[in-house]
Amino acid sequence: MRFRFAPSPTGYIHIGNVKTAVSNYVLAKKYNAEFVFRIEDTDKERSTGEYERMLIEDLKWLGLQWDEGPDVGGAYGPYRQSERFDIYKKYTDILLEKRHAYHCYCTQEELDEMRKQASAENRPIVYSGKCRNLSDDEKRKLEAEGRKPSVRFAIEKNATIEINDLIKGKVVFNSENIGGDFIIVRSDGVPVYNYIVVIDDALMKITNVVRGEDHLSNTPKQMLVAKALGFEPPQYAHQGLMLGPDKSKLSKRHGITSLRSYRELGYLPEALLNYLVLIGWSIDTDKEIFSLDEITGELKIENMSSSPAIFDFQKLKWVNGQYIRSYPAEKITDLFLPYINEAGYKTEELDRAWLESLITVLQAKCELLSDIKNLIGIFLEDVPEPDEETIDLLRTDDSAKVITEAKNFITETDSCENFYSDLVNYVKEKAGVKGKNLFMPIRGIITGCLKGPELDAAVPLIGIEKCRKRIQYMYDKFQAGK
RNA sequence: GUCCCCGUCGUCUAGGGGUCUAGGACACCGGGUUUUCAUCCCGGCAACAGGGGUUCAAAUCCCCUCGGGGAUGCCA
């Protein structure tokens, strides 16, 4: 078996495409098949080498590996469509010769007009086949006008096209309603996706095509081309699409969609892969978190879901949090480092062992790597400025007592072995408050925040000196002069 | 408009004629642990789109309706 992923390098890769890539990759792994990576760059307007480079970089970051592709070569190359034009040309000539295709001289404007007409009259939008039977004379005349012809595929009349889709089951189309004779080569000589995908898949010996169901309606066209060229079509499997919360095709307006953005926000590749498999696939286990090997063990191509799935940002986050929590301090610290830097702290000046112990305390609080930016300040700042919520709390009567007694505590005690518990006990007794009313103000004074790690773990890591400073600061800020 | 696909808790899904008073996970709500929080543990809420058949028996099979999505490009 041979699987493939064939994106076009027209931007950062979209998460919906990533799902297709992942599906093909894990299936190839599962069935011990080859995984082919092909670049479909025939949209000259939008494809760039730079995007191709980033596409490969992002896919590799995700952990995907391919056996054949533009960067690694292979026996069926080249793997970039823009480098295969002479191949396509050969087949176009055959099609033209056998009258399975013909030159069309209609201009863009004329076609637009025809489409407008059709939709105004509520007729299906189908190319009329106007140029199908042009005489040589007529052709010469049109060419004399300076028209450059495109090539259209001649669809056979009233034919039944049957797709035996591994996911959808049997899907039947009639050739009369797949849109009419479609263009296979543009007037500038560049061939079109629906045409060359067939040639490439055949020549690259692809046996299984797994893709989004937005391609389902292209499939009859591709099968017709395959038939005309004498190719055996691959086994198709069309997965349900990934939708936004409003149930339309997932797009930018639903939030973040490029793989790159997920990476930048601090999603882990393993988590993303895990989630992408989880969605739209039924797996013979109640487990939600699984490794690549566990995934490939459980998967079956026919267990892919046929219905569309809404992309659940929240669950993705949860999955990511599970992975962050599961990693050992050393590994996760390395991953956090860039984000800590980004927050403006100079990590190279910090003691690594100390840093790792901070991370150990903090990692359970993070769902994204970037969450660390808002959490680590309580350790690295000298005196963190309290946020609004904390200020409100520190203004209450109970807080006033706590602040005052905390201040008294540091004035009366020079040094002590158990700073934190001594502080807590002292304040509790003198101020006469306990529970939440005791701990939240203490948390606020020491960290400037009402949320964060366990205080008894955090305080020793912050250090006594900083704690004293912070208590003094909050006292000055809230109690001095009262 | 036309063609095609899809329809189980808010979301992802299990289930494929009786074992279904429909199971799990996220989210949400409540409780517990941590003398505090975003972790963790326990509990709760919550669904077979509707209508007709077939059958002793339907979430499951068939038909219709409705709803949603996709395609309808000299994009891929």
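Note on naming: letters A, B, ... go to the chains in the order of the sequence lines (proteins, then strands), and numbering restarts at 1 for each one. The figures that follow rest on heavy atoms only: side chains count, while hydrogens, waters and symmetry mates do not.
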Just call it for [X]: base, sugar-phosphate, or nothing, with non-hydrogen atoms closer than 4.0 Å on any strand.
| X | result |
| --- | --- |
| A/I183 | base |
| A/I310 | sugar-phosphate |
| A/C106 | base |
| A/G452 | base |
| A/Q322 | sugar-phosphate |
| A/I178 | nothing |
| A/K365 | base |
| A/R46 | base |
| A/K451 | base |
| A/F173 | sugar-phosphate |
| A/V190 | nothing |
| A/L216 | sugar-phosphate |
| A/H238 | nothing |
| A/D41 | nothing |

Spacing of the [atom1] atoms in [M] and [N] (rounded, Å):
| N | M | atom1 | value |
| --- | --- | --- | --- |
| B/G1 | B/G23 | P | 40 Å |
| B/A59 | B/U21 | C1' | 15 Å |
| B/C9 | B/G15 | C1' | 14 Å |
| B/U60 | B/C6 | P | 16 Å |
| B/A14 | B/G24 | C1' | 7 Å |
| B/A46 | B/A27 | C1' | 12 Å |
| B/G7 | B/G16 | C1' | 16 Å |
| B/U11 | B/G32 | P | 31 Å |

Of the options [options], whose atoms approach the side-chain atoms of [X] most closely?
| X | options | result |
| --- | --- | --- |
| A/W318 | B/C74, B/C26, B/A76 | B/C26 |
| A/D312 | B/C74, B/U11, B/U36 | B/U11 |
| A/V424 | B/U39, B/C6, B/U35 | B/U35 |
| A/N177 | B/C74, B/C12, B/C3 | B/C3 |
| A/E288 | B/G24, B/C74, B/U36 | B/G24 |
| A/K315 | B/C4, B/U13, B/A25 | B/A25 |

Could you tell me the separation between the [atom1] atom of [X] and the [atom2] atom of [N], rounded to a whole number of Å?
| X | N | atom1 | atom2 | result |
| --- | --- | --- | --- | --- |
| A/R115 | B/G1 | CZ | C1' | 16 Å |
| A/D398 | B/U36 | CG | C1' | 14 Å |
| A/N274 | B/C12 | CG | C1' | 13 Å |
| A/Q363 | B/C40 | CD | P | 12 Å |
| A/K148 | B/C74 | NZ | C1' | 15 Å |
| A/K287 | B/C26 | NZ | P | 15 Å |
| A/I13 | B/A76 | CD1 | P | 16 Å |

For the base of [N], is there a side-chain donor-acceptor partner from [X] under 3.5 Å away?
| X | N | answer |
| --- | --- | --- |
| A/K436 | B/U35 | no |
| A/N218 | B/A76 | yes |
| A/S306 | B/C6 | no |

Could [X] and [Y] be counted as a cation-pi pair, given that NZ or CZ must be under 6.0 Å from the ring centre and within 45° of the axis?
| X | Y | answer |
| --- | --- | --- |
| A/K287 | A/F290 | no |
| A/R152 | A/Y127 | yes |
| A/K373 | A/Y339 | no |

* Only one of A/K139, A/K130, A/E143, A/E110 forms a side-chain hydrogen bond (donor to acceptor under 3.5 Å, both in side chains) with A/Y105, so which one is it? -> A/E143
Tell me whether the OP1 or OP2 atom of [N] has a side-chain N or O from [X] closer than 4.0 Å.
| X | N | answer |
| --- | --- | --- |
| A/R325 | B/C40 | yes |
| A/S305 | B/U13 | yes |
| A/K249 | B/A71 | yes |
| A/R211 | B/A71 | no |
| A/R186 | B/C75 | yes |
| A/S307 | B/C5 | no |

Restricting to non-hydrogen atoms, name the atom on [X] and the atom on [Y] that form the minimum distance, rounded to 0.1 Å.
| X | Y | value |
| --- | --- | --- |
| A/P460 | A/L455 | CD-O, 4.2 Å |
| A/H238 | A/K168 | O-CE, 3.5 Å |
| A/T42 | A/V190 | O-CG1, 3.6 Å |

* Asked: Do the side chains of A/R186 and A/V192 get nearer than 4.5 Å, heavy atoms only?
  -> yes
* Short question: side chain of A/R80, backbone of A/E40 - any donor-acceptor pair under 3.5 Å? ->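 Flag not set: sc A/R80 to bb A/E40 has no pair under 3.5 Å.
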* To do: Using atom types as modelled and distance alone, determine if a side-chain donor or acceptor of A/D371 lies under 3.5 Å from a backbone N or O of A/L368.
  =>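 Between the backbone of A/L368 and the side chain of A/D371 there is a qualifying donor-acceptor contact (under 3.5 Å).
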Return the pairing partner of [N] with a 3.5 Å limit on both distances, Watson-Crick or G-U wobble; otherwise return none.
| N | result |
| --- | --- |
| B/A71 | B/U2 |
| B/C56 | B/G18 |
| B/C9 | none |
| B/U34 | none |

* **Which residue lies more 5' along RNA chain B, comparing A/N174 with A/S217 via nearest heavy atoms** =>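 Nearest-nucleotide comparison on RNA chain B picks A/N174.
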* In terms of the nearest nucleotide of RNA chain B, which residue is placed more toward the 5' end: A/R443 or A/I167? ->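 The answer here is A/I167.
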